[in-house]
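To start, the structure under review is shown below, and the notes come after it.
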Amino acid sequence: MKRYIFGNWKMSLSIKESRELAESLTSVLSGSPSEKLGIGVAPSPLALPAVSEILRTTGVHVGSQNIHWSPSGAFTGEVALETIKEVGGDFTLVGHSERRTLFGETISSAVERAKYALSENFMTIFCIGETLQEREAGQTNSVLDAQLVPLLEELSSTSKTKAPLIIAYEPVWAIGTGKVATATEIEAAHKHIIDLGQRAGVVAPVLYGGSVSPDNFEEINGIPGVSGALVGGASLKAEKFGRLVEIAGG
Ligand code: PGA
């Protein structure tokens, strides 16, 4: 089974710092990406051209943290797929919980973004996950259904079941908090997501995200249904990211 490690650099680094991290990754990751291991980073949009230039020959994917659902137009503050491609980007995150909780991304707007990117065969990491309140109320599965099923149904009804979709299960309460879901919680959520995919005829790898670090990833990587990780904080240090890649590669 192919495994994946993707880093989300969020708004954490300047262009200079992004270049430095990308330079360090070229040595840390040399020879890492392969048929069996997909690696990618999502820098801030203004650092994307420099980072993709530095990583051009490494096989590491470089992508955007968000994407709009139209090819172009009057959408102030948004980024178009073609523009991401122009600067060397080859994937995008969609629906990250920070977009949903801090910037008003709704279930339907996240689905629109992913639908458009996937209709263009653009690799899309679609992020879903429940808040602590929802987990404690026993609503985890219904939240995952509400976030994911509309996208799966769309792919199914448009015969796009082979579109390059990756799903990231990221419990909101585990992101940037140092709290990691238990192995049992992760396994149950991933199984639920994989089952939803199967029902729609969509096969997509499911990554775990939320305080993943070299200290906990060996265990997480071994959980059935986990195909890798989407990593925030630990992706900002080349050695830590390199170690995660090593673990994923077995
Ligand atoms: P974290 O972030 O690894 O810092 O918790 C994960 C994410 O936001 O994707």
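In listed order, ligands and their atoms are each counted from 1.
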Protein heavy-atom partner closest to atom 9 (O) of ligand 1 - residue, atom, separation in Å: Glu170 OE2, 2.6 Å

Would a distance-only check, ignoring hydrogens and angles, find a side-chain to backbone donor-acceptor pair under 3.5 Å from Arg3 to Val226? yes

State which residues pass side-chain contact (heavy atoms from CB on, under 4.5 Å) with Ser235; sequence neighbours excluded, sorted by chain then number. Trp9, Val231, Phe241

Can you report which non-hydrogen protein atom sits closest to atom 6 (C) of ligand 1, along with the distance? Gly232 N, 3.5 Å

Could a heavy atom of Ala234 be found less than 4.0 Å from some atom of ligand 1? no

Those atoms of ligand 1 less than 4.0 Å from some heavy atom in Gly176: 1 (P), 4 (O), 5 (O)

For atom 4 (O) of ligand 1, closest protein heavy-atom neighbour: Gly233 N, 2.8 Å

Salt bridge or not for Lys191 and Glu187, using N-O below 4.0 Å? no

Proximal ligand 1 atoms for His96, defined as those under 4.0 Å from one of its heavy atoms: 7 (C), 8 (O), 9 (O)

With the threshold set at under 4.0 angstrom, would you say Ser211 reaches ligand 1 through any of its heavy atoms? yes

Partners of Glu120 by salt bridge (Lys or Arg N to Asp or Glu O under 4.0 Å), sequence neighbours excluded? none

Does ligand 1 have a heavy atom under 4.0 Å from the side chain of Cys127, from its backbone, from both, or from neither? neither

Between His61 and Phe91, how do the two ring planes meet: parallel, tilted or perpendicular, split at 30° and 60°? perpendicular

Can you name the atoms of ligand 1, numbered from 1 with element, that are less than 4.0 Å from a heavy atom of Ala174? 5 (O)

For Trp69 and Arg113, the nearest pair of non-hydrogen atoms, with its separation, is CE3-CG, 3.6 Å

So, 4.0 Å and heavy atoms of Ser235: is ligand 1 close enough to count as a contact? no

Would the distance check show the side chain of Glu105 and the main-chain N or O of Gly95 forming a donor-acceptor pair, the cut-off being under 3.5 Å? no

